[in-house]
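These figures come from a predicted structure and were not determined experimentally. These values consider heavy atoms only, across backbone and side chains, with no hydrogens, waters or symmetry-generated copies. Residue numbers begin at 1 in each chain, while the letters A, B, ... track the order of the sequences.
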Amino acid sequence: MIQEATINTVRALLEARREGHSLEGAFYTDAALFDLDIEAVFSNEWLFACNVAEIPRAGDYVTLRIGATSVVVVRGEDGGVAAFFNTCRHRGSVLCTEAHGHVKKFVCPYHQWVYDLDGSLRHARQMPDRFDRSAHGLGRVPVETLCGMVYLCLGETPPDFSRFKAAVSPYIAPHRPERTRVAWSETIVEEANWKLVIENNRECYHCAGSHPELLETLVEFALPDDPRGTQDFQALMSEKTARWEALDLPHLPASGGTEFRCIRLPLRRGALSFTMDGRAACRKLLGEFREPDLGSVRMFRVPNNWNHFLADHILHFRVLPLAPNRTALTTTWLVHEDAVEGVDYDIETLTAVWRATNAQDAALVAHNQAGVSSRGYRPGTYAPAEFMLNHFTDWYAAKLRAYLDAYGDA
Amino acid sequence: MIQEATINTVRALLEARREGHSLEGAFYTDAALFDLDIEAVFSNEWLFACNVAEIPRAGDYVTLRIGATSVVVVRGEDGGVAAFFNTCRHRGSVLCTEAHGHVKKFVCPYHQWVYDLDGSLRHARQMPDRFDRSAHGLGRVPVETLCGMVYLCLGETPPDFSRFKAAVSPYIAPHRPERTRVAWSETIVEEANWKLVIENNRECYHCAGSHPELLETLVEFALPDDPRGTQDFQALMSEKTARWEALDLPHLPASGGTEFRCIRLPLRRGALSFTMDGRAACRKLLGEFREPDLGSVRMFRVPNNWNHFLADHILHFRVLPLAPNRTALTTTWLVHEDAVEGVDYDIETLTAVWRATNAQDAALVAHNQAGVSSRGYRPGTYAPAEFMLNHFTDWYAAKLRAYLDAYGDA
Amino acid sequence: MIQEATINTVRALLEARREGHSLEGAFYTDAALFDLDIEAVFSNEWLFACNVAEIPRAGDYVTLRIGATSVVVVRGEDGGVAAFFNTCRHRGSVLCTEAHGHVKKFVCPYHQWVYDLDGSLRHARQMPDRFDRSAHGLGRVPVETLCGMVYLCLGETPPDFSRFKAAVSPYIAPHRPERTRVAWSETIVEEANWKLVIENNRECYHCAGSHPELLETLVEFALPDDPRGTQDFQALMSEKTARWEALDLPHLPASGGTEFRCIRLPLRRGALSFTMDGRAACRKLLGEFREPDLGSVRMFRVPNNWNHFLADHILHFRVLPLAPNRTALTTTWLVHEDAVEGVDYDIETLTAVWRATNAQDAALVAHNQAGVSSRGYRPGTYAPAEFMLNHFTDWYAAKLRAYLDAYGDA
């Protein structure tokens, strides 16, 4: 329940906001503003949930928790993907108690009410004849899929998804995310507000000081014409983009505004994949790829997802807020669906770089959280290399304003 | 301190409440509404505390915590039972720091102020002559006893206890709860709101799916004329009630309204006690009983207690709320005061069924709590077998309304 | 953010306050009132931070956390001591991530912005030419030193320090706190409100019941003319004060009002230091002292510090509030800067008495916290021996009133 006092506080904070600066401390630390984020942002946007590769068969499911709300994403009998509030319509028990699993039907563990995979209530034992089962199906959560990536929206009027889908599909479709298998997935809890986790992801200004493993293969520049780009980088860009065009692989920055980003950029010269030595992580390449050096498609969408699509594997990152100062980050490594562990890839080689990078970022954002909690913190100026943080905070402020305006009308 | 905003929120939620349905999610999850429960319900009702068998000698005490308030229940010099706020009148330290123990006087651990067992301040060292010791006795907490069961009320104007006492005494007196000893007692913390713990106890609709050990001996039906009752159950009822009447043991449902319940029901045919194999748990029967198969008296009283009284042992269950999503459940097994462990009973046999059942219920209510916290939760329809939940939520809503009305007057 | 509702609640609680009594329970337990304490008291007073002996060389630093605010205290190039908000002016990361350490410059771990030890921004890589480094120095926190003891104030208009400094310097200067080394330091977390920790320190009424080790050497009386003082104590006072006067060591109580206290009192006859057997803890005496029996200067200053200055060692106690019911207590034992561990002193002998005493007090204040949280708690009368608690609660109430008055004007 968002209080009137919170609304007024946020209005004042947004009035005082300076563009091009990090947010006022309360946005990163205050419990009431965290609840507002869950309402205004996380219950009102497309959230990345999982890849269909995680639920290949009918009845396979994953659950995820957004704030206090558990959602189950399930592969249906028809092969499609659906999502439901993971809450029984009888007395509200969660239906699926595991992070992922397989069911024939959803059977509530409390009183064994049975729901079909399409959410309809099949059986409610001992309920009287007058009880209308058709009015007691599971609450449906809208989903959209994008080359196998599943997004969901908790709100009743989801924002447009089509512009994003149309813009980024050409980049990622050749990597065939929907034809992959999960090689490894892990969740870490970072001691920071979700927005600091996102801000950390949106710039590589910090890479030189913290990510030696990653910089073996990743170029720090976020744009083809990055003014920091060296002559060597320009040469590399020219060479690679010519090759990508020959292969019909789009690479120029998509027009995502403040909502999303999609671009293909090269890895460092000689590197094929995000491995410690730059060699490929998986012998079996994705999709129909014949050559291992395709750089990486870097894609993100606010508020909770970023990805890398390489020739040999795909990385999904999913951010879920737990508390004002705690955020769950799930990283999933995907390889070709026919790749065989121990033959085509091994998990240590595949995951070493980003596991190290995630741990480094976890420490950075925890220090960031500790510092912005201070009464001595003042919003600071973003560096030119942090231009994507301007996009993020502008988008965030607009999202809150839209919520406040609607709140005023309600 | 209950805020005006909370009061208004609760008024609106009670307005919107649909009878015969589980409560709105906020009642199970909101911190401010939890504080209201402590005020409006737990500080204003008779709460089960313990059995006098736990404090047999003068100076024996038990402490319990209701919300942030610690109370000490003590056996007095006169053999009576009294209760006091477990807080020194000097600077407020707790007096008794253990869950149970024995004292000659209450001596504050901080500055050694000394109180008699009747709560009067006996000695306050170094205090000046003008200090009025007689005005600084311990704060007295009203108690009532019922066949040895001790109830207390934190509020200054306790509700009536006599109707309850008169109604249920004839059922439980023959079991002589006051002539028992504690064979075993344990406290588990369930990850759910106290009302979900109570709701879980008020129906056996969930038993078939979760309690195989319990259903070896317990019949699922809550009333003699349960419409689900089989012909065999009817035959069993007729046979048993005839015998109970011959023994002068009352068995028909007491008229407890929404406040309490008392009834004698048979165990499953052939079962004598809540054991894994249905055999008696204690060779020495309670009171003057000569025969081991007397079914069980099932008794509960809102808000925090339920019990079973069998021929060979008694079970007390005590519920104390810790947080919106955490509740302490204490289960106590009592046998005849002269029963000898290792000779008449062993603890494993005595406790196995309900320890298993408690653990199963703890999982169920934790799943329930997780689900009602969701924005997708909607209050659901109680099943016919859940008729006692109607009583409970009606009683709860009335209790809150009475508090809100008094708040308006204050 | 302090809410209007909190302000009104506190006004009413202060109206109802009875002098000479412990505070209303809410002051010790309520989360909103704890936040108010951080604002009205801990962000608006001189707080003891450390001793310069902890940061002997340029670039040595200690960090401490007041509420959510981390501060770094550093020895500058010029040998002076300065303090800064430990928060980078770029995106707010903490700069110094350890409790103490050494740096040449402050380098932010996030993007490597570099600050000189005087807080000025030396280097901010990749920032554009128009970026004004001179406007982005670290936020300076005022400090005052008193014979090497460092106090800081988070507020912009610190209260007067000079009266305190002038009053107590003559007592402690001969002990030369600034010419010491840290023999041992440790922090324990006590499960009580910071005010209960302070109240516990302000009286020795509880000593007889809880501190057998301490009472081997400490006299319980807080004043030369304590009415409880025995004839033997009077004789001891006469004898010792004559000697102190011969040595030109001040001993009469300083006029600190409710803010501070400073007095020299004897140890028990025959005792030289706070050790288990009363013998000296360090062979090398402090400063220019030639004789080991100088009693102890007892000094405290609200809100967070008390000290003992003996002939052979010094004790600093520092209190930092963590939560309504959690407080960090740091105890530091200092000896002459030339004293050698294993030769002049050993840590076990030096620290045994106060480590035992601290542990005993931690239990006492935890019991106190548990008791004042009860709805049965009523503010109690302070005993005559608790006269310094009158000073403390009067000072605290005045501090809050001043904040409320200024709040009304704002």
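Heavy atoms closer than 4.5 Å to chain A are found in the side chain of C:F131, but not in its backbone. Of the two parts of C:R125, the backbone and the side chain both hold a non-hydrogen atom closer than 4.5 Å to a non-hydrogen atom of chain A. Looking at C:Q126, both its backbone and its side chain come within 4.5 Å of chain A, counting heavy atoms on both sides.
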For this session: Please test A:Q3 against C:Q3 for side chain to side chain contact (heavy atoms under 4.5 Å, CB included), starting from the C-alpha separation and ending with a verdict.
Result: CA-CA 12 Å; A:Q3 303 282 341; C:Q3 303 282 341; over 6 Å; no

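Residues C:H136 and A:R378 are not in side-chain contact: their nearest non-hydrogen atoms beyond the backbone lie 4.5 Å or more apart.
Residue C:R91 forms a side-chain contact (heavy atoms from CB on, under 4.5 Å) with just one option from A:L23, A:L389, A:V372, and that option is A:L389.
Between the OG1 atom in A:T381 and the CZ atom in C:R89 there is a gap of 8.5 Å [rounded to 0.5 Å]. From C:H90, atom NE2 reaches atom CG of A:N368 across 9.5 Å, with rounding to the nearest 0.5 Å. Separation of atoms CZ (C:R65) and OG (A:S374) is listed at 8.5 Å; rounding is to 0.5 Å. The NE2 atom of A:H367 sits 12.5 Å away from the OG1 atom of C:T87 when rounded to the nearest 0.5 Å. How far CD of C:Q112 is from OG of A:S210: 6.0 Å, rounded to the nearest 0.5 Å.
When the heavy atoms of residues 191-208 of chain A are compared with those of chain C, the residues falling under 4.5 Å are A:E199, A:N200, A:E203, A:Y205, A:H206, A:A208, listed by number.
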Show the atom names and distances, to 0.1 Å, of all donor-acceptor pairs under 3.5 Å that link a side chain in residues 92-106 of chain C to residues at least two apart or in another chain.
| residue | atom | partner | partner atom | Å |
| --- | --- | --- | --- | --- |
| C:H102 | ND1 | C:D60 | OD1 | 2.8 |
| C:K105 | NZ | C:D116 | OD1 | 2.8 |

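Closest approach of A:S373 and C:A68 over heavy atoms only: O-CB, 3.4 Å.
Counting heavy-atom pairs closer than 4.5 Å to chain C, the top-ranked of the candidates A:Q369, A:E386, A:H21 is A:E386.
Checked by atom type and distance alone, the side chain of C:T69 pairs as donor or acceptor with a backbone atom of A:R375 at under 3.5 Å.
Counting heavy atoms of neighbouring residues, nucleotides and ligands inside a 6.0 Å radius, atom CZ of A:R228 exceeds 12 of them.
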